[in-house]
Amino acid sequence: MSILQTLKSRFASALSSLSDDTGPLLEMIRSSQDPKFGDFQANCAMPLGKRLGKSPREIAAEIVENLDVSDFCETPEIAGPGFINLRLKDDWIAERVSSIAGDDRLGVTPAAKPRHVVVDFSSPNVAKPMHVGHLRSSVIGDAICRTLRFAGHKVTSDNHIGDWGTQFGMIIYGYRNFVDAAAYSRDQVAELARLYKLVNQLSDYHAAKAGLPELRLQLDQRQQELDQLTSDSEPADKKAKKKLKAQRKAVEETRSSIESAEAKVAHVDTDAPLAAQANEHPDIARLARQETSKLHAGDEQNQQLWDEFLPACLAALDQIYSRLDVRFDLALGESYYNPMLADVVSDLRAKGLATDSDGAACVFIEGNNAPFIVQKTDGAYTYATTDLATIQYRLDELHADEIVYVVDKRQSEHFSLLFKTCELWGFGDVKCQHVSFGTVMGDDGKPFKTRSGDNVELGSLIDEAIARARSVVDENDDRREQPALTPDGRARVAQIVGTGGIKYADLHHNRDSDYVFDWDKMLATTGDTATYMQYAYARICGIFRELNVDRQKIASGKTTVLLTCPEERALALQLTQFDYAVDAVLADYRPNQLTSWLFDTAGKFSVFYAHCSVKKAESPELQQSRLILCDLMARALSTGLSLLGIETADVM
RNA sequence: GCACCUGUAGCUCAACUGGAUAGAGCACCGGACUACGAAUCCGGAGGUUGUAGGUUCGAAUCCUACCAGGUGUACCA
């Protein structure tokens, strides 16, 4: 039983005479924020005071009177308004950490009721290079999978690849009209990506050009309305003020839409060959969409092209995943569900959930203005339809207990509609959760792009991370009297530090936050970074090398830990709480709970390292004890980091 | 217009979902290597948690209003 569970059960009996409903009160037992208040604190006396009409301190005294924790705690102290502070006995911590030192699961007991969780993440579109948004989904999703598995759950990681959407029509159209045969045979994926981008650009060009007159008209109109508002003397009441502000904003918005449309048009117009292509393909957007519907309708030629394009696109994705060490159990793309879509819609219609509106089949959910469109006017299905079919499949075929979607938070409305539709549809017994994450921003506060406005490709991002890591590795190793690494070793460390840095930078933020992408921060080797922990790990390995001790023997032998100073005690106590960190991650799928535990732990180790020499320990017993702590620490780091998909190296 | 989200140190972010004096890391200033690895450690400075009210023993967290910003909003995924 964990420390917290033990405490809770003791408090449950101490509280039973004071309250009928002890559950919420027991939730108020937690580890202390400040070590000077002890190791754990119970805050339940305060709310009880109100309820029982006594002073909270009196209640606290009664609780302490009833409480029997003397076997593992010092005498409880009552502080402030009625906090009960608990300090664990040193020998009890020593015993606890000794037992964890002999446990390869580091004190984490496997889930009592394992669930089958399908984790849906990454979900890139083929032929569109992956970017930092996919990085977040991939890294967070992978960490969730690893942590769930470690906790004893069954996990199916599924990459819901976008291989059936509108972009495929664009590629097909591009291939038919603009393919560069030499480039295509040289690098198929790169050429397809170029074609996608080209068709997209030309479509945008025509759309922007066509929309400009309307936009300019709108601007004039809005400007006039604004002038009218401002001429009506000073805005008298708040409402008028608000209206004025909204109007100003509307004018600004229209103006920036015009600017962006003009930029798109100018970009093509100033590029003669591009402009010529644009002129030759005035109806490109519609024709590209037509290719998509032909594909969906079973057109043989388009299907052939699809079959030809897909393998290379998937291989390109796999290459990235292998560099990131992200694995999927399934990669059923959207195309996989195509045969099921018609049935989904007809079933929804039969159940009266889907109705026609403006020619599209829609599910209307009470309280939401936007409909959930399951079939478009032209008969094509949408990603809503696919998502429904996917849930059905995961329930009927995979027998999932829970489905987790690691997707950008901007899609929260879609998922809210999806889950509600599902419930009405009769698939309410699976727990669906949208694990949302924020946007990666550039230093201008806008979504992270390259200077030319393109998404930053994931492959080049990884390259850059490893290259930067390499220069740090070189610099450090060159500074030594005798380099500790071979060139191959350096490359290996650079790979571990570089990719670890990228992942950690993402994971240590609260996933819901938008965060600013910054190379220097991402690959900083100081502070709250993967490197800090990887370095701590390498230092421990250094101790074992220095003393010529086999770590295997330490872990498998008799593990008796002595706590002789505050630094040892703090580290030992921290190491007994790995299970909380794992629980905290899984409670709401927040990997940053684990990163902060790891950082705290590594920090406590660094203090221990500075104060408590293993090599010069006062006695052989103490040296043995410290070796045990070091080994446990190393395993905590490597295990904890591995749950985040981050590797460690013995030498760096 | 409607809906949702955010506002915390100069910067980037935490805060165990209502607990004690709001914490880290960068950056800044000052210390510690004849070394179990300085990719480290120790110390300093830095805050009216957007503003104003309210709820209560107790508020960054809950409620109300305002201010500032973001996102989504019918056939892209």
Side-chain angles (χ1 to χ4, degrees), chain A residues 27-28 30-34 36-37 41 43 46-47 49-50 55-56 79-83 85 123 125 128 162 164-167 238 246 289 334 357-362 367-378 380 382-384 386-387 408-414 416 436 438-439 445 472-473 475-476 479-480 484 497 505 508-510 512-516 518 520-521 524-529 531-532 534-536 538-547 580-581 583-584 587-588 590 592-593 596 599-600 603 606-607 609-617 626 630 651-652:
Chain A
E27 288 308 306
M28 295 176 185
R30 52 189 57 172
S31 57
S32 299
Q33 277 189 18
D34 192 323
K36 80 177 170 209
F37 298 130
Q41 59 175 284
N43 305 338
M46 279 85 80
K50 181 85 176 176
S55 91
F83 295 101
N85 290 334
S123 317
N125 287 317
K128 276 164 86 173
W164 201 245
T166 312
Q167 94 277 11
K238 278 181 204 161
R289 273 201 302 275
E334 291 174 329
S357 172
D358 291 348
C362 302
N368 290 72
N369 286 326
F372 200 50
I373 300 175
V374 292
Q375 190 170 20
K376 298 191 276 187
T377 322
D378 64 2
T382 69
Y383 77 133
T386 314
D387 279 350
D408 193 312
K409 71 176 172 190
R410 283 173 289 197
Q411 293 195 37
S412 60
E413 194 175 13
H414 166 73
S416 151
S436 57
T439 312
V472 175
V473 172
E475 195 185 310
N476 274 287
R479 220 171 25 218
R480 293 179 177 126
V497 169
H508 94 284
H509 292 110
N510 183 329
D512 273 318
S513 307
D514 295 342
Y515 76 91
V516 176
D518 181 330
D520 294 331
K521 286 206 175 79
T525 55
T526 59
D528 187 4
T529 59
T531 311
Y532 180 74
Q534 289 165 326
Y535 179 67
R539 286 214 291 190
I540 298 172
C541 295
I543 295 175
F544 283 90
R545 273 194 302 275
E546 173 78 18
L547 298 179
Y580 299 160
D583 285 350
D588 199 24
R590 295 194 182 275
N592 65 318
Q593 298 285 352
S596 69
F599 183 56
D600 282 351
S606 291
V607 174
Y609 185 90
H611 286 85
C612 310
S613 176
V614 179
K615 193 177 178 181
K616 297 174 189 158
R626 286 181 177 168
C630 285
V651 183
M652 63 186 278

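Below, chains carry the letters A, B, ... as their sequence lines are ordered, and counting in each starts from 1.
Residues forming a side chain to side chain donor-acceptor pair (under 3.5 Å) with A/Glu475 (at least two apart in sequence, or on another chain): none. Evaluation of the side-chain contact (heavy atoms from CB on, under 4.5 Å) rule for A/Ala538 yields A/Met652 as partners, not counting sequence neighbours. Applying the side-chain contact (heavy atoms from CB on, under 4.5 Å) criterion to A/Asp34, with sequence neighbours excluded, gives A/Lys36, A/Phe37. With sequence neighbours excluded, the residues satisfying ring-ring contact (aromatic ring centres under 6.0 Å, His included) with A/Tyr532 are A/Phe599. In this structure, the side-chain contact (heavy atoms from CB on, under 4.5 Å) partners of A/Phe83, at least two apart in sequence or on a different chain, are A/Gln41, A/Asn43, A/Met46, A/Pro81, A/Asn85. Remark: A/Thr526 pairs with no residue by the side-chain contact (heavy atoms from CB on, under 4.5 Å) rule, at least two apart or across chains. Under the side chain to side chain donor-acceptor pair (under 3.5 Å) criterion, A/Asn125 pairs with no residue, sequence neighbours left out. Scored by the side chain to side chain donor-acceptor pair (under 3.5 Å) test, A/Asn510 finds A/Arg590 as partners (sequence neighbours excluded). Remark: A/Thr166 pairs with no residue by the side chain to side chain donor-acceptor pair (under 3.5 Å) rule, at least two apart or across chains.
When heavy atoms are screened at a 4.0 angstrom cut-off, A/Thr526 is found touching the sugar-phosphate backbone but no base atom. Across all strands shown, A/Asn43 has heavy atoms under 4.0 Å from base atoms, whether or not it also approaches the sugar-phosphate. When heavy atoms are screened at a 4.0 angstrom cut-off, A/Met652 is found touching base atoms of the nucleic acid. Within the 4.0 angstrom heavy-atom criterion, only backbone atoms of the sugar-phosphate kind lie near A/Arg479; the bases stay farther away. In this structure, A/Ala538 reaches the bases: a heavy-atom distance under 4.0 Å links it to at least one base atom across the strands shown. If you check every strand for non-hydrogen atoms under 4.0 Å, A/Lys128 touches nothing. At the heavy-atom level, A/Asp514 lies under 4.0 Å from the strands shown only through sugar-phosphate atoms. In this structure, A/Val607 reaches the sugar-phosphate backbone alone: every heavy-atom distance under 4.0 Å involves primed, P, OP1 or OP2 atoms, never a base. A/Asn85 comes within 4.0 angstrom of a base, heavy atoms only. Note on A/Cys612: a base of the nucleic acid sits closer than 4.0 angstrom, heavy atoms only. Across all strands, A/Tyr515 comes closer than 4.0 Å only to sugar-phosphate atoms, never to a base (heavy-atom distances).
Separating the C1' atom of B/C26 from that of B/U71 is a span of 29 Å, rounded to the nearest Å. Straight-line distance between the P atoms of B/G10 and B/A22: roughly 16 Å, to the nearest whole Å. A distance of about 10 Å separates the P atoms of B/G43 and B/G25, rounded to the whole Å. The C1' atoms of B/C67 and B/G31 are separated by 45 Å, rounded to the nearest whole Å. Atom C1' of B/A32 sits at a distance of 9 Å from the matching atom of B/A38, rounded to the whole Å. To the nearest whole angstrom, the two P atoms, one in B/C16 and one in B/G50, are 16 Å apart. Nucleotides B/C4 and B/C13 place their P atoms 25 Å apart, quoted to the nearest Å. Taking atom P on both nucleotides, B/C11 is separated from B/U51 by 15 Å, rounded to a whole Å.
Glycosidic conformation of B/U40 is anti; the angle lies outside 90° of 0. Classification of B/C33 as syn follows from a glycosidic angle within 90° of 0.
Ring-base stacking between A/Tyr532 and B/A39 is not satisfied when judged by a centre separation under 5.5 Å and a plane angle under 30°. Residue ring and base: A/Phe83 counts as stacked with B/A20 (centre distance below 5.5 Å, interplanar angle below 30°).
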Restricting to nitrogen or oxygen on both sides, can you table the protein-nucleotides 71-74 of chain B pairs closer than 3.5 Å?
from	atom 1	to	atom 2	distance (Å)
B/G72	O2'	A/Glu413	OE1	2.7
B/A74	N1	A/Ser357	OG	2.7

So which protein N/O to nucleotides 55-58 of chain B N/O distances come out below 3.5 Å?
from	atom 1	to	atom 2	distance (Å)
B/C57	OP1	A/Lys50	NZ	2.8
B/C57	OP2	A/Lys50	NZ	3.2

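To the nearest angstrom, C1' of B/A20 lies 9 Å from CG of A/Asp34. Atom C1' of nucleotide B/A39 and atom CZ of A/Phe599 are separated by 13 Å, given to the nearest angstrom. A/Asp512 places its CG atom 10 Å from the P atom of B/A15, with the value rounded to the nearest Å.
Side-chain N/O atoms of A/Asp387 and A/His414 include a donor and acceptor closer than 3.5 Å. Side-chain contact check for A/Ser436 and A/Asp408: no donor-acceptor pair (N or O, by modelled atom type) lies under 3.5 Å.
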Quiz item: Could you write out RNA chain B as a dot-bracket string, with dots for unpaired bases, | for bases paired across to another strand, and Watson-Crick or G-U pairs counted at under 3.5 Å?
Solution: (((((((..((((.....[...)))).(((((.......))))).....(((((..]....))))))))))))....
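Counting distance only, with no hydrogens placed and no angle test, the side-chain atoms of A/Asn510 and the base atoms of B/A15 include no donor-acceptor pair under 3.5 Å.
Mapped onto RNA chain B by nearest heavy atom, A/Ser606 and A/Thr166 fall at different nucleotides, with A/Ser606 at the one closer to the 5' end.
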